[in-house]
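In what follows, every heavy atom counts, from backbone to side chain, and hydrogens, waters and symmetry copies are set aside.
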Amino acid sequence: MKLNDMQKKVVYSNERFLFLLAGAGSGKTRVVIERIKYLLNEGVDENEILALTFTNKAANEMKHRIGRDDMNIHTFHQFCYKELKTKTEYTYQIFIEEEHQFSKRDCLEVSLYKNSLFKKKKPKIYDFYQNYLERYHLKDFDDLLIDYLNWIQIKKHKTYTYLFVDEFQDTNELQYNILKALIDEHTHVLCVGDPDQSIYQFRGANPSIINKYVKDYQAVVEKLTINYRSNSTIISHANRLIKRNYRTYKKDLTPYHTHTNHVTSYIFMNPEEESNFIISYIKKMISQGIKPDEIAVLYRQHHRCYKLIETLKTIDFSYYQEKSSTQHKSNIHLLSIHQAKGLEFDVVIILGLESNIFPSAHTYQNVLLEEERRLMFVAITRAKEHLICTHIKYNDYFQRQKPSLFIKESGLKSKLYKPI
């Protein structure tokens, strides 16, 4: 498929500082890849280009699609570690959370303190944690960034002519300072992101860094709004939901595929009835020719899908769940919405749309509710063709459950399931 006019404008741009506001399914990765290819064809040395991504998977995919495994495309952590290892006497081992005595909560609190550049309140565990790392000659992921930032601010270092940052809405204060330190008077920067898909604030991501970057560098803002992934019904529900959030950069997604397909929210009496329906619905989709690995069940909280997993195991139905089984073409996907970010499926089932489950019980502040709404937006926009939502009247403890406000906000019609 040819580049559209909005995509071309960015690929061939002469602007020094750009922010690309790229909607879900709008081909943002393709734009970054095509721009890198264009620069290489124009004679730019590959060592003058650095692209920073959010995950190893994204970095490897970009290298593969450009057709150059030796390109400087890394996650922030990968890049900083590589630079420190090759340019300094950096002999530390990496601290792996699961291998040590600290709880997830302790590690998260320390990480938030570090990636805020020590502006947040210092956690009680901090000094003990740092002494532990020192004793065992370890560095955590935030330390890699802090050490690199300290080094780069003192030493004369190689700069890049072209910098790219993907998933810019998920950048934290520390990462933004590294970006700033990499920019000199010759640098061209393209940051790409979608504030509507910012779902990592609990880890320190700060979507307002987009505004900072635009202001600090008078960056030109371009938009990609044509969604190539989902049918028009799915897009209209996604647009309707996300409009409820306060947004500095407003955009409506426009569907490239104009056909419609009914989206329903089903009400079940209990998790057992819900699980049986989901399995029969998946079987129906497979019988219609949809491959199992093109089907995903998404959930906000892991415990909410236990009944479904139990039932799948009972009938020996193959499924893939992150970190717990092998991915295979004959497996459907069971994923948290955070795990599903960046993926797409023909069929998406969003399970567990009850108050205090999704949005979760912690959303007593508007800023947290907005984050949960963005999470629902991400869930909806994973679907290409078929999307259904589910919620229950009573949980396993026979407690009455209220439907999620996201059902109404998305404009979905709820339908009481009646077993045949």
Side-chain angles (χ1 to χ4, degrees), residues 24 196-202 230 233-247 253 261-278 281-282 295-309 333-341 345 347-383 386-418:
D196 292 340
Q197 295 185 76
S198 175
I199 58 172
Y200 289 102
Q201 267 177 284
F202 70 97
S230 311
T233 316
I234 291 165
I235 293 303
S236 72
H237 289 299
N239 282 335
R240 193 161 168 176
L241 172 85
I242 205 64
K243 276 179 178 167
R244 302 265 179 170
N245 273 6
Y246 172 78
R247 302 187 292 164
L253 290 175
N261 208 342
H262 202 59
V263 178
T264 307
S265 175
Y266 287 98
I267 310 164
F268 301 92
M269 289 309 289
N270 52 47
E272 189 178 356
E273 191 177 85
E274 177 189 56
S275 299
N276 291 335
F277 169 81
I278 287 172
Y281 179 77
I282 288 168
I295 299 171
V297 180
L298 307 183
Y299 47 85
R300 175 65 183 95
Q301 297 181 22
H302 287 86
H303 74 84
R304 188 54 186 80
C305 71
Y306 287 170
K307 190 57 155 184
L308 177 62
I309 290 171
H333 294 254
L334 257 68
L335 300 168
S336 75
I337 301 165
H338 283 97
Q339 289 164 345
K341 181 142 185 283
F345 304 93
V347 179
V348 169
I349 300 153
I350 307 173
L351 172 148
L353 275 163
E354 298 99 31
S355 284
N356 297 333
I357 298 288
F358 191 22
S360 75
H362 307 295
T363 53
Y364 46 87
Q365 295 173 348
N366 200 39
V367 66
L368 298 175
L369 180 60
E370 292 206 338
E371 172 108 338
E372 293 280 303
R373 199 175 278 120
R374 290 193 292 270
L375 206 50
M376 179 66 176
F377 177 80
V378 166
I380 292 172
T381 54
R382 298 312 93 202
H386 306 275
L387 172 68
I388 64 167
C389 300
T390 72
H391 63 103
I392 53 173
K393 277 198 164 188
Y394 298 94
N395 65 16
D396 283 330
Y397 306 102
F398 306 104
Q399 295 164 320
R400 184 80 191 230
Q401 303 293 293
K402 276 187 183 174
S404 166
L405 67 105
F406 294 154
I407 296 168
K408 193 177 177 184
E409 287 186 354
S410 308
L412 293 172
K413 295 280 183 284
S414 283
K415 183 177 174 182
L416 184 64
Y417 173 70
K418 289 173 183 166

Task: Over all atoms of both residues, closest heavy-atom pair of Ser360 and Arg300 - done: OG-NH2, 4.5 Å
- [ ] For the pair Asn270 (side chain) and Asn395 (backbone), establish whether a donor and an acceptor sit closer than 3.5 Å, ignoring hydrogens and angles.
- [x] no
Open item on the list: To the closest 0.5 Å, what do you measure between CZ (Phe377) and CD (Glu370)?
Closed with: 13.5 Å
Task: Check against side chain to side chain contact (heavy atoms under 4.5 Å, CB included), Lys393 and Ile267 - done: CA-CA 7 Å; Lys393 277 198 164 188; Ile267 310 164; 3.8 Å; yes
- [ ] Give the intermediate values and the outcome of side chain to side chain contact (heavy atoms under 4.5 Å, CB included) for residues Leu241 and Arg373.
- [x] CA-CA 7 Å; Leu241 172 85; Arg373 199 175 278 120; 3.8 Å; yes
- [ ] Decide yes or no on side chain to side chain contact (heavy atoms under 4.5 Å, CB included) for Val297 and Ile282, but give the supporting numbers first.
- [x] CA-CA 10 Å; Val297 180; Ile282 288 168; 4.2 Å; yes
- [ ] Could you tell me which residues satisfy side chain to side chain contact (heavy atoms under 4.5 Å, CB included) with Ser336, sequence neighbours excluded, listed by chain and number?
- [x] Tyr299, His302, His338, Gln339
Open item on the list: Please check: side-chain N/O of Asn239 versus main-chain N/O of Leu253, any donor-acceptor pairing under 3.5 Å?
Closed with: yes
Task: Nearest heavy-atom neighbours spanning Thr390 and Leu351 - done: OG1-CA, 3.3 Å
Open item on the list: Return the NZ to CG distance between Lys307 and Asn276, rounded to the nearest 0.5 Å.
Closed with: 9.0 Å
Task: Ring centre gap for His391 and Phe268 strictly below 6.0 Å - done: no
TODO: Find out whether Gln399 and Tyr394 are in side-chain contact, i.e. whether some heavy atom of one side chain is under 4.5 Å from a heavy atom of the other.
DONE: no
Task: Stepwise salt bridge (charged side-chain N to carboxylate O under 4.0 Å, His left out) check, Arg240 with Glu409 - done: CA-CA 7 Å; Arg240 193 161 168 176; Glu409 287 186 354; over 6 Å; no
Open item on the list: If we ignore hydrogens and angles and just use 3.5 Å, is the side chain of Thr264 paired with the main-chain N or O of Ile388 as donor and acceptor?
Closed with: no
TODO: Could you walk me through whether Ile199 and Lys341 pass side chain to side chain contact (heavy atoms under 4.5 Å, CB included), step by step?
DONE: CA-CA 9 Å; Ile199 58 172; Lys341 181 142 185 283; 3.4 Å; yes
- [ ] Identify the heavy atoms of Ser404 and Phe358 that sit nearest to each other, and give their distance.
- [x] OG-O, 2.8 Å
Open item on the list: Closer than 3.5 angstrom, by distance alone: can the side chain of Glu273 be matched with the main-chain N or O of Met269 as a donor-acceptor pair?
Closed with: yes
- [ ] Give a yes or no answer on whether the side chain of His237 reaches the backbone of Ser410 with a donor-acceptor pair at less than 3.5 Å.
- [x] yes
TODO: Specify whether Tyr200 and Phe202 have parallel, tilted or perpendicular ring planes, treating 30° as the upper limit for parallel and 60° as the lower limit for perpendicular.
DONE: tilted
TODO: Identify the heavy atoms of Pro403 and Ile407 that sit nearest to each other, and give their distance.
DONE: CB-CD1, 4.0 Å
Open item on the list: Is any side-chain heavy atom of Phe277 closer than 4.5 Å to one of Glu272?
Closed with: no
TODO: Could you tell me whether the side chain of Leu308 reaches within less than 4.5 Å of the side chain of Ile278, counting heavy atoms only?
DONE: yes
TODO: Specify the closest pair of heavy atoms between Ser230 and Thr381, including all atoms of both residues, with the distance to one decimal.
DONE: OG-O, 4.1 Å
- [ ] State, to 0.1 Å, how close Ile392 and Gln401 come at their nearest heavy-atom pair, and which atoms those are.
- [x] O-CB, 3.3 Å
Task: Ser265 (side chain) donor-acceptor with Lys413 (main chain) under 3.5 angstrom - done: no
TODO: Can you sort out the partners of Glu354 under side-chain hydrogen bond (donor to acceptor under 3.5 Å, both in side chains), two or more places apart, ordered by chain and number?
DONE: Arg304
Task: Between NZ on residue Lys402 and CZ on residue Arg400, distance to nearest 0.5 Å - done: 10.5 Å
Open item on the list: So, using side-chain hydrogen bond (donor to acceptor under 3.5 Å, both in side chains) as the criterion, who are the partners of Arg247 when residues are at least two apart?
Closed with: Asp196
Open item on the list: Please enumerate all residues that pass salt bridge (charged side-chain N to carboxylate O under 4.0 Å, His left out) together with Glu371, with sequence neighbours excluded.
Closed with: Arg374
Task: Close side-chain approach of Phe406 to Leu375, heavy-atom, < 4.5 Å - done: no
Task: Qualifying residue, where the test is side chain to side chain contact (heavy atoms under 4.5 Å, CB included) with Met376 and the options are Ile242, Leu298, Leu405, Leu353 - done: Leu353
Task: Residues that Asp396 engages under side chain to side chain contact (heavy atoms under 4.5 Å, CB included), provided they are two or more places apart - done: Pro271
Open item on the list: What I'd like to find out is whether the side chain of Tyr281 reaches to under 4.5 Å of the side chain of Ile349, using heavy atoms alone.
Closed with: yes
TODO: Classify the ring geometry between Tyr417 and Tyr266 as parallel (under 30°), tilted (30 to 60°) or perpendicular (over 60°).
DONE: perpendicular
- [ ] Kindly write out the residues that satisfy side chain to side chain contact (heavy atoms under 4.5 Å, CB included) with Phe398, not counting sequence neighbours, or none if the list is empty.
- [x] none
